[in-house]
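Starting from 1, each residue takes its place in the sequence as its number.
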Amino acid sequence: MDLRRLRYFVAVARERNFTRAAQVLNMAQPPLSRQIRLLEEEVGAELVDRSSRPLKLTEAGRLLHEQAVQVLAGMEQIQSMVGRLSDQGGRRFVIGFVGSTLYGLLPQVIRRFREESISADVSLLECSSVEQITALKEGRIDVGFGRLRVEDPAVRRIVLADEPLVAAVPADHHLVSVGRAVHLSELLVEPLIVYPRPARPSYADQVLGVIHDLGLTPAKIMEVRELQTAIGLVAAYAGFAVVPESVQRLRRDDVRYLPLADRGARSPIMMVHRSGDVTPELATLIRISCEIHASAAHGHG
């Protein structure tokens, strides 16, 4: 369907008069009438009741007008977005991330990426590690930062770091005063709070896998939607949670974080992108991510 004809039709519907609509459109009336006739032929229905004064839309006309207004508004939005991108001389670059990575080095990575890739229109989208794989394949994101080792030939995976896990416990927990790394076996008599609840497999399965590999079984498991809820419930004496070390930045007076002594109590930080992608923006982001994480691992950041 010709968008120009839709614009003409919306003008006629708004002015309820062919002469006034033609003036608004800066054209003669006969060509306008002809274009509306051609639109009616195209849709196979009369759109304007020409016998009424002022003009009225038919039932089909009202339906088409409603849709046409939305289509034209959508087109204006697309043109505006493309125009902005063209003005910047760059392109849209979407970064997916899991919430817990924001407590680590990801904000620093994104700040530097924005500084070095000024032509890219950078936007962020929170999504689970599993959702990131689908979003990459569908082109909704260009890169993802997560914690799960998802195997997929369409996706390239880069391990940026292997972050230690810690136990979040209430501030007055009896293990806070022991002054050493604790074992999960000392904590599992209490309920274990895991997150996130939807989108499995997830970080929750990673934590349960660590516990299972140690030959341990939680006394009770409580699943919650997100990290902040888990920490809040720890403060409310509902149990303890196992979280990445960087989450200690989420400070609360009523929660303490204890290092874990168990083997395997670590969580990788993954960067994923489509196999074969070779954009300059992606190359820049990979370089910055690797540099910042390597620097932090060697105690320089």
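Hydrophobic clustering (side-chain heavy atoms under 4.5 Å, transitive across Ile, Leu, Val, Met, Phe, Trp, Tyr) groups V176 together with L192. Two different hydrophobic clusters hold V122 and V98 under the rule that ILVMFWY side chains link at heavy-atom gaps under 4.5 Å. Grouping the Ile, Leu, Val, Met, Phe, Trp and Tyr side chains by contacts below 4.5 angstrom, directly or via other members, places Y8 apart from L38. Clustering ILVMFWY residues whenever any of their side-chain heavy atoms sit less than 4.5 angstrom apart, transitively, puts L72 in a cluster other than the one holding L63. No path of Ile, Leu, Val, Met, Phe, Trp and Tyr side chains, each step under 4.5 Å between heavy atoms, connects L106 with M270, placing them in separate hydrophobic clusters.
Between T19 and Q29, the side chains place a donor N or O and an acceptor N or O closer than 3.5 Å (distance only, hydrogens not considered). Side-chain N/O atoms of S129 and R147 include no donor and acceptor closer than 3.5 Å.
A salt bridge between R114 and E281 is absent, with no side-chain N of the basic residue lying under 4.0 Å from a carboxylate O of the acidic one. Under the 4.0 Å criterion applied to side-chain N and carboxylate O atoms, E115 and R112 are not assigned as salt-bridge partners. Salt-bridge formation is detected for the pair E291/R287: a Lys NZ or Arg NE/NH1/NH2 atom is positioned less than 4.0 Å from an Asp or Glu carboxylate oxygen.
Atoms NZ and CD1, from K220 and I193 in turn, are 9.5 Å apart once rounded to the nearest 0.5 Å. Residue H293 holds its NE2 atom at 12.5 Å from CD1 of I288, rounded to the nearest 0.5 Å. From L64, atom CG reaches atom CD of E40 across 10.0 Å, with rounding to the nearest 0.5 Å. Atoms NZ and CG, from K137 and D152 in turn, are 3.5 Å apart once rounded to the nearest 0.5 Å. Interatomic distance, Q35 CD to F9 CZ, rounded to the nearest 0.5 Å: 14.0 Å. A distance of 12.0 Å separates OG of S117 from CG of D121, quoted to the nearest 0.5 Å.
For F93, the ring pair (Phe, Tyr, Trp, His ring centres under 6.0 Å) test picks out F113, with sequence neighbours left out.
Across every non-hydrogen atom of S202 and D205, the tightest pair is N-OD2, 2.7 Å. Across all non-hydrogen atoms, the minimal contact from Q206 to P268 is NE2-CD, 3.8 Å. Scanning both residues, A22 and L32, for their nearest heavy atoms gives N-CD2, 3.5 Å. The nearest pair of heavy atoms linking A241 to V234 is N-CG2, 3.8 Å. Here the closest non-hydrogen pair linking V143 and L282 is CG2-CD1, 4.2 Å. The minimum heavy-atom distance between A235 and R252, with the atom names listed, is CB-NH2, 3.7 Å.
Taking the side chain as every heavy atom from C-beta outward, L175 and L258 approach each other to under 4.5 Å. A heavy-atom distance below 4.5 Å is not found between the side chains of T217 and I211. V210 is not listed as a side-chain neighbour of D262, based on a closest heavy-atom distance of 4.5 Å or more. By the 4.5 Å heavy-atom criterion applied to side chains, M222 and V194 are not counted as neighbours. Residues V242 and V166 fail the side-chain proximity criterion, which asks for heavy atoms closer than 4.5 Å. The shortest side-chain heavy-atom distance between V71 and L3 falls under the 4.5 Å cut-off.
For R263, the CZ atom sits in a loose shell: 12 or fewer heavy atoms of surrounding residues, nucleotides or ligands are nearer than 6.0 Å.
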Please assess V247 against L227 for the test side chain to side chain contact (heavy atoms under 4.5 Å, CB included), listing each intermediate value before the final yes or no. CA-CA 9 Å; V247 171; L227 167 62; 3.9 Å; yes
Is there a side chain to side chain contact (heavy atoms under 4.5 Å, CB included) between F145 and S289? Walk through the geometry before answering. CA-CA 10 Å; F145 290 87; S289 301; 3.6 Å; yes
Donor-acceptor pairs under 3.5 angstrom involving side-chain atoms of residues 154-162: please list them, not counting sequence neighbours.
residue, atom, partner, partner atom, Å
R156, NH1, H273, NE2, 3.2
R157, NH1, E151, OE2, 3.1
D162, OD2, R266, NE, 3.4

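Within the structure, ring-ring contact (aromatic ring centres under 6.0 Å, His included) contacts touching residues 214-270 (residues at least two apart or in different chains) do not occur.
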